[in-house]
Every structure is written in structure tokens, then in C-alpha cells.
*Asks:* 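Below is the structure I would like to discuss, written out as C-alpha cells.
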Amino acid sequence: MEQLSFDPRPLVDVAVDIAREAAELVQRTRHSAVAGRVDTKSTDTDVVTAADRASEQLVRDRLAALRPGEPVIGEEEGGTAAVEGLTWVVDPIDGTVNYLYGFPWYAVSIAAQLDGVSVAGAVVEPVSGRVWTAARGHGSFRDGVRLGVSAATRLDLSLIGYGFGYSPERRQRQANTWAALSTRVRDIRRAGAASLDLCAVAAGWLDGYAEHALGRWDWAAGALVAEEAGAVVRLPGSSPELGADATFAATPGIAADLHTALVESGFGKV
Ligand code: LIP
């Protein structure tokens, strides 16, 4: 993307304020949300709670007040992108299965996109309170501290994040790729929240990450955090060899080798 004609940093402030408020709601209501009715979406394992819906509603209400007229695409209610101008992309709880179990790797993710490209984003973790942010051209931060990817240069000594979709048939193919890749890296993590997995690449907590079939809301903020920290990032639609719906992020020192290893492990065909 060409250099922006405006400063995206004020958009980050909007995203942070709203995501913090939503994260507080998500945490405050967790007990009742997980004890109450838990609906399912694409499969029986793909869950949605009252807190996902309430969080998205809160974000939509706040954006309508602070950024009137700008469309919102959210995981639970959908939406369409702006023909011209900014679109907000919201995951009200990324890592809902983790949320259901109390596994603390889940987050509220909010990004502003221009023509489908993220220009500002915030990922806020309800449990730890960590705030991950990025503005295009202005770096990425965790709680105000600038982020940088790891210095890894050897794939065989790299820690890689991975993920599975909800369809059992596709999971089987993803698991086959996982098995092949596992012999070529230090280890693989499946932590269960794509936005945070991408932030983990930004922080050097992971050397790379790859997953298929994410929703735009899963990667919109986290991929910008990774990119602004220096990661090589490939988004759905941009890398046919990895598969049309692949999301990929890696520190530059292993990016080419990880890409090759994924292709050779059958990742592009899952
Ligand atoms: C989930 C993720 C998870 C990924 C799933 C799903 P949700 O998001 O972030 O890591 O593997 O496919 O998209 O549904 O909890 O917002």
C-alpha cells in the first residue's frame, strides 16, 4: 500500500478505548455467558455466547457514536465494507472456545481498514489486560512498548503457531500438514486465538504462524501488529501456493524457509 495521506494513529486511540470497554464487559459477564445458552455456528464445535453478541453490540454502538457513517463488519452480525473510506472490522471475542473454558488466550480485536487494507488496529486481552496496537507506518506496540519480531534464522529451531478450522474433514487435512511440518521445526503451538497468535509473532513469542480459513475479523488487527513489527505477512488471497484462504506471518529470517516447508507439507492443498 502507498503511504497514507493521513495519520492513522487517532484511529488506534478509538480502537483501544472501545476494545478496552468491550474486554471489560466480556470478562465481567464471563460467568453468566458460559453458564447460559451457548449457541453453535458452522459446526457443533464453533461456539457463540451471549458475551460475543453483547461485545459486538457495544463496539457497534460506540463506533456509531464516535465514527458515524463508517461501516462495521463484525463476526457475529456481518456487514459490508465501505465503497469509499474506512471500514471497521471487529472480532468481539477472538478465541471463543478458550473463553468458554477459561483458557486465558482470547481477545477483543478492532481494526480500521481502507480498501481492505488494515491501517490501524487494537487487540485487547480481557484476562491480562495487555493492549496490542499498530498504525500503518508507525510501528506496533504492547502496552506502549515497541514490538519487534524474533531474530530467528533457522527453521529447525523455530516455534510456529498454527490453527485448525471447525470442519472435521478439513481438520484432518490440516492435521496431516501439522504432522509433516512438526518434523522440520522446533515445535508447534495451537493456542486458539488468531489475532493473538499474530501479535505473538510481533513480540517474538512465536517465530512464525500459519492458518487457513480465518475470518477477516480474526486477522485484521493482528496482522497489522505483526507487519508493523517487521514480520513478512501474507493475507488470504495473496499467496496461491499457500492456498487461497491462507494467513501467514513470520520473522524475515525464516519466512522463505517456512513458506517452502508449508508448501512441501501440503499446506497449500488443505
Ligand atoms: C477462532 C480463532 C482460532 C481459529 C478459529 C477461529 P473465533 O476465532 O481465532 O484461532 O483457529 O478458526 O476463527 O471464532 O474464536 O473468533
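For ligands, and for the atoms within them, numbers begin at 1 and follow the listed sequence. If you read the sequence from its start, that first residue is 1, and numbering goes on from there. Side chains included, hydrogens not; waters and symmetry mates left out as well; all remaining heavy atoms used.
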*Asks:* Salt bridge between Asp245 and Arg170, side-chain N to carboxylate O under 4.0 Å?
*Replies:* yes

*Asks:* Would you say Tyr106 contacts ligand 1, with heavy atoms under 4.0 Å as the rule?
*Replies:* no

*Asks:* Among all residues two or more places apart in sequence or in another chain, which pass the salt bridge (Lys or Arg N to Asp or Glu O under 4.0 Å) test with Asp44?
*Replies:* none

*Asks:* With a 4.0 Å heavy-atom cut-off (strictly under), which part of Phe164 contacts ligand 1: side chain, backbone, both or neither?
*Replies:* backbone

*Asks:* Could you tell me which residues satisfy salt bridge (Lys or Arg N to Asp or Glu O under 4.0 Å) with Arg184, sequence neighbours excluded, listed by chain and number?
*Replies:* Glu264

*Asks:* Asp218 heavy atoms, cut-off 4.0 Å: which ligand 1 atoms fall inside?
*Replies:* 8 (O), 9 (O), 13 (O), 16 (O)

*Asks:* Is there a polar contact between ligand 1 and Asp91, counting only N or O atoms under 3.5 Å apart?
*Replies:* yes

*Asks:* Considering the heavy atoms of Ala194, write down every atom of ligand 1 situated less than 4.0 Å from one of them.
*Replies:* 2 (C), 9 (O), 10 (O)

*Asks:* Would you say the ring centroid of Phe164 lies under 6.0 angstrom from that of His212?
*Replies:* no

*Asks:* Which heavy atom of the protein is the closest neighbour of atom 8 (O) of ligand 1, given with residue, atom name and distance?
*Replies:* Asp94 OD1, 2.9 Å

*Asks:* Going by heavy-atom distance to atom 7 (P) of ligand 1, choose the closest among Ser195, Gly95, Ala191, Ala193.
*Replies:* Gly95

*Asks:* Decide if atom NZ of Lys41 counts as having more than 12 heavy atoms of other residues, nucleotides or ligands within a radius under 6.0 Å.
*Replies:* yes

*Asks:* Quick one: does Lys41 get a heavy atom under 4.0 Å from ligand 1?
*Replies:* no

*Asks:* Applying the side-chain contact (heavy atoms from CB on, under 4.5 Å) test to Ser182, which of Thr177, Asp187, Ile188 qualifies?
*Replies:* Ile188

*Asks:* Would one find more than 12 heavy atoms of other residues, nucleotides or ligands at under 6.0 Å from atom CZ of Arg234?
*Replies:* no

*Asks:* Numbering the atoms of ligand 1 from 1, which are under 4.0 Å from a heavy atom of Thr96?
*Replies:* 15 (O)

*Asks:* Charged N to carboxylate O under 4.0 angstrom, Glu24 versus Arg20?
*Replies:* no

*Asks:* How long is the gap from CD1 on Ile110 to CG on Leu11, to the nearest 0.5 Å?
*Replies:* 12.0 Å

*Asks:* What do you reckon, does Ile93 have a nitrogen or oxygen under 3.5 Å from a nitrogen or oxygen of ligand 1?
*Replies:* yes

*Asks:* Where is the nearest protein heavy atom to atom 6 (C) of ligand 1: which residue, which atom, and how far?
*Replies:* Tyr166 OH, 3.5 Å

*Asks:* Yes or no: does Gly192 have any heavy atom under 4.0 Å from an atom of ligand 1?
*Replies:* yes

*Asks:* Have a look at Glu75, His212, Glu211, Glu76 and point out the one with the heavy atom closest to atom 4 (C) of ligand 1.
*Replies:* Glu211

